[in-house]
K.L.:
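Encoded as structure tokens, here's the structure I'll be asking about.
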Amino acid sequence: MLSAVPRPVTVRVPAKINLHLAVGGVRPDGFHDLVTVFHAVSLFDEVSVEPAEEPTLDVHGDGVAEVPLDATNLAWRAVELLAERAGRAPDVRVTLRKGIPVAGGMAGGSADAAGALVALSALWRMELGREELSGLAAELGSDVTFGLHGGTALGTGRGEQVIPVLARHRLHWVIALARGGLSTPAVFGELDRLRGGAEPPERPVEPVLEALAGGDPRQLALNLGNDLQAAAVSMAPDLRRTLRAGVNAGAIAGLVSGSGPTCAFLCADSDAAVEVATELAGMGVCRTVRVAHGPVGGARVIDEHEPP
Ligand code: C5P
């Protein structure tokens with residue numbers, strides 16, 4: 001006898017920051033080659049799916065006005081992709097509860113897509129393997145595969161090729177959310193403009209991997225780096241002030257997360273993170289401040305015992 005599938009199925013999925021982001025040249029498909037170190041942190045979205053008469057998408061939480069509710073929504077595209085794969089109609093209600101900043105450079109949309117893949121494949125009992133899910137994720141976006149895996153991982157290709165890396169200790173972060181958002185394609189475009197056709201500079205990943213393996217946050221702090229930061233700061237110059245403020249407040253390093261405008265500050269320990277967050281919140285350099293830690297796991301079902 002089949003056991004009852006919980007309805008709705010809810011999946012929790014984390015935000016990411018990039019501890020290292022080296023952006024190479026533009027590829028023929030318009031994407032940039034990347035070498036990046038993804039790191040999942042404890043800001044989460046929840047994605048619920050349940051059977052419905054009509055395909056429906058609901059979004060709740062911070063920044064919902066900015067989330068598209070049409071067919072461009074990445075979680076909805078995940079539903080359509082899986083429906084096509086399963087050969088059935090996308091007759092489900094998808095509910096997103098946003099805890100990850102929208103358009104913040106923390107892969108919130110990609111997280112929702114990863115969550116939708118895991119939730120719907122559970123609801124429909126598709127029993128897809130890791131490889132199959134990763135393949136579907138890569139079709140949806142560059143950061144979706146990492147949303148499935150979580151942890152700390154090396155990303156290559158356009159970001160969709162992900163392998164876990166050894167990260168010995170919990171890291172403590174303060175996340176500064178900005179007032180507006182930045183468009184990821186626009187930030188990549190600004191980087192190309194700033195480079196003016198010159199060869200991308202060298203940004204070796206090995207020191208970051210060594211620092212992660214060693215587990216000393218101060219060593220890691222010396223080696224964090226993001227090629228998109230200059231482009232994000234060029235488009236949102238106030239970020240310079242935010243980055244300085246976090247370090248003045250006691251963080252051991254600060255960087256723009258992905259394409260921004262969210263900034264992530266590495267702190268020596270959890271007490272320091274609370275102190276930095278408190279001080280930063282009073283400085284008026286960002287919309288709001290969160291304390292987070294990483295690495296955390298990727299997309300996983302959280303309400304297995306709800307009655308059908
Ligand atoms: O893959 P994803 O949909 O998240 O990418 C959003 C946009 O960011 C792409 O359309 C592209 O403009 C830019 N991008 C890029 N190179 C990458 C990843 C993203 O140029 N490796």
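In listed order, ligands and their atoms are each counted from 1.
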K.L.:
For ligand 1, list every N/O pair with the protein closer than 3.5 Å, one pair per line with the distance.
P.N.:
{"from": "ligand 1", "atom 1": "1 (O)", "to": "S142", "atom 2": "N", "distance (Å)": "2.8"}
{"from": "ligand 1", "atom 1": "1 (O)", "to": "S142", "atom 2": "OG", "distance (Å)": "2.5"}
{"from": "ligand 1", "atom 1": "16 (N)", "to": "H32", "atom 2": "N", "distance (Å)": "2.9"}
{"from": "ligand 1", "atom 1": "20 (O)", "to": "H32", "atom 2": "ND1", "distance (Å)": "2.7"}
{"from": "ligand 1", "atom 1": "21 (N)", "to": "H32", "atom 2": "O", "distance (Å)": "2.8"}
{"from": "ligand 1", "atom 1": "21 (N)", "to": "R158", "atom 2": "O", "distance (Å)": "2.9"}

K.L.:
Are L128 and L148 connected, step by step, through hydrophobic side chains (Ile, Leu, Val, Met, Phe, Trp, Tyr) whose heavy atoms are closer than 4.5 Å?
P.N.:
yes
K.L.:
Roughly how far apart are D45 CG and S110 OG, rounded to 0.5 Å?
P.N.:
10.5 Å
K.L.:
Between D227, N223, N226, which is the residue that forms a side-chain hydrogen bond (donor to acceptor under 3.5 Å, both in side chains) with R203?
P.N.:
D227
K.L.:
Heavy-atom count around R27 CZ within 6.0 Å, excluding the residue itself: above 12?
P.N.:
yes
K.L.:
For D216, what residues pass the salt bridge (charged side-chain N to carboxylate O under 4.0 Å, His left out) criterion, not counting sequence neighbours?
P.N.:
none
K.L.:
Tell me, with the steps shown, if S259 and T184 meet side chain to side chain donor-acceptor pair (under 3.5 Å).
P.N.:
CA-CA 6 Å; S259 55; T184 302; 3.1 Å; yes
